[in-house]
Amino acid sequence: MNTIYNDGVEVTIEEETYTVKLSVLCCITDLPAKAETLNMSYFNGEYACITCTEPGLTVAQGKGHTKCFPYRNAESRYSRHSDESIIINMNEGSNIKRSKGFKGMSELANLQSYNIVDGQGQYGERDLVKQAEDYILCAEKHPLRFRVPKVHFIFYNQVTIPMAEALEKLGIGVWGERVIVERDIEEKLVDFSAMMDDSNDDDDDDGDDSDGDDDDGLNSEKKQICEEKIQSTAHRGHTISEEKSGSKLNNTKIVIKI
């Protein structure tokens with residue numbers, strides 16, 4: 001891969017010869033495959049995160065134990081990984097004694113074009129809109145014949161209307177049958193949002209409304225926040241199971257088949 005990245009291969013099209021170079025930008029796997037590919041601890045082990053050096057905590061659960069990763073404020077958070085620090089840990093680690101979760105070198109570390117931290121992803125890690133923004137940024141940085149490729153998403157298993165509209169606002173072409181958000185999902189999201197709002201109200205409603213705030217205005221604001229939560233979660237929860245994507249460059253298009 002490094003030879004193709006540096007020197008490329010010659011391709012002849014209609015009696016014109018082009019040099020084509022390839023590079024690996026991203027590697028998306030599930031959690032077990034990520035551990036095997038990067039030669040590191042599994043997701044339920046110590047130092048299983050590729051982003052930071054959080055070791056996690058082992059806590060009792062039922063008749064056994066489980067690994068959890070507690071929330072930490074800015075002062076107590078562990079440092080973030082970098083491409084350089086990961087390579088150091090890979091060199092220092094072994095099957096007998098791991099270094100920050102790494103037990104040896106990974107073949108991905110030898111790729112000149114690949115950044116281990118920025119290039120490593122996992123299924124369901126981010127919603128589709130965030131991934132779409134990455135494709136757009138990638139297209140802008142890699143023009144074809146001085147033109148920015150158009151990004152298209154093709155949904156074979158339907159797409160919710162809010163998701164399609166969100167993608168189109170980004171300038172992405174959306175193809176596939178559009179469906180509304182299922183009613184039971186919407187109701188669950190409304191109930192959850194209302195529950196969260198009620199818990200916040202309990203902290204504030206200990207006495208009279210002495211500050212003179214407009215309750216109707218607050219309720220209207222909460223309704224808007226609730227609707228935004230529904231749309232945002234519908235983007236992630238209702239379509240995340242459909243995000244098995246691959247990309248193909250075709251003339252001036254980047255086509256994402258889902």
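Predicted model only: the values in this text are computed from it and were never measured. The analysis underlying the following values was restricted to heavy atoms, covering all of them including side chains, and did not include hydrogens, waters or symmetry mates.
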Ala48 and Tyr42: which non-hydrogen atoms are nearest, and at how many Å?
CB-O, 3.1 Å
Set of residues satisfying salt bridge (Lys or Arg N to Asp or Glu O under 4.0 Å) with respect to Arg77, sequence neighbours excluded
none
Is a side-chain N or O of Thr37 found less than 3.5 angstrom from the main chain of Ala33, in a donor-acceptor match?
yes
Within the 4.5 Å heavy-atom criterion, are Met90 and Ser106 side-chain neighbours or not?
yes
Are Leu170 and Tyr135 joined in one hydrophobic group, where the rule is that I, L, V, M, F, W and Y side chains link up if heavy atoms are under 4.5 Å apart?
yes
Nearest 0.5 Å, what's the CD-CG distance between Glu36 and Asp30?
10.5 Å
About how many Å separate CZ of Phe43 and NZ of Lys67, when rounded to the nearest 0.5 Å?
12.5 Å
Does Glu107, at its CD atom, have more than 12 non-hydrogen atoms belonging to other residues, nucleotides or ligands within less than 6.0 Å?
no
Atom pair CG (Leu31) and CG (Asn44), whose distance is rounded to the nearest 0.5 Å:
9.5 Å
Where the side chain of Asp83 meets the backbone of Asn115, is there a donor-acceptor pair that is under 3.5 Å apart?
no
Taking atom OG1 of Thr3 and atom CD of Gln112, what is their separation to the nearest 0.5 Å?
8.5 Å
Please name the pair of heavy atoms, one in Val24 and one in Met1, separated by the smallest distance, quoted to 0.1 Å.
CG2-CE, 3.6 Å
Of all heavy-atom pairs linking Leu128 and Met163, the shortest is CB-CE, 3.7 Å
Interatomic distance, CE@Met105 vs CG@Asn110, rounded to 0.5 Å, equals 6.5 Å
Does the side chain of Cys49 come within less than 4.5 Å of Tyr78's, by heavy atoms?
no
Show me the side-chain donor-acceptor pairs of residues 92-102 shorter than 3.5 Å, one per line, residues at least two apart or across chains.
unit_1, atom_1, unit_2, atom_2, d
Glu92, OE1, Ser99, OG, 3.4
Ser94, OG, Ile96, N, 3.4
Ser94, OG, Lys97, N, 3.1
Ser94, OG, Lys97, O, 3.3
Arg98, NH1, Ser41, OG, 2.9
Ser99, OG, Asn89, OD1, 2.9

Of all the heavy-atom pairs spanning Leu167 and Ala132, show the shortest one and how long it is.
CD2-CB, 3.6 Å
Nearest 0.5 Å, what's the CG-CG distance between Leu111 and Asn2?
6.0 Å
Identify the heavy atoms of Tyr114 and Leu108 that sit nearest to each other, and give their distance.
CD2-O, 3.8 Å
For Ile4, the rest of its hydrophobic cluster, which grows through side-chain links under 4.5 angstrom
Val9, Val11, Ile13, Tyr18, Val20, Leu22
If you take all heavy atoms of Glu10 and Thr19, which pair is closest and at what distance?
CG-OG1, 4.2 Å
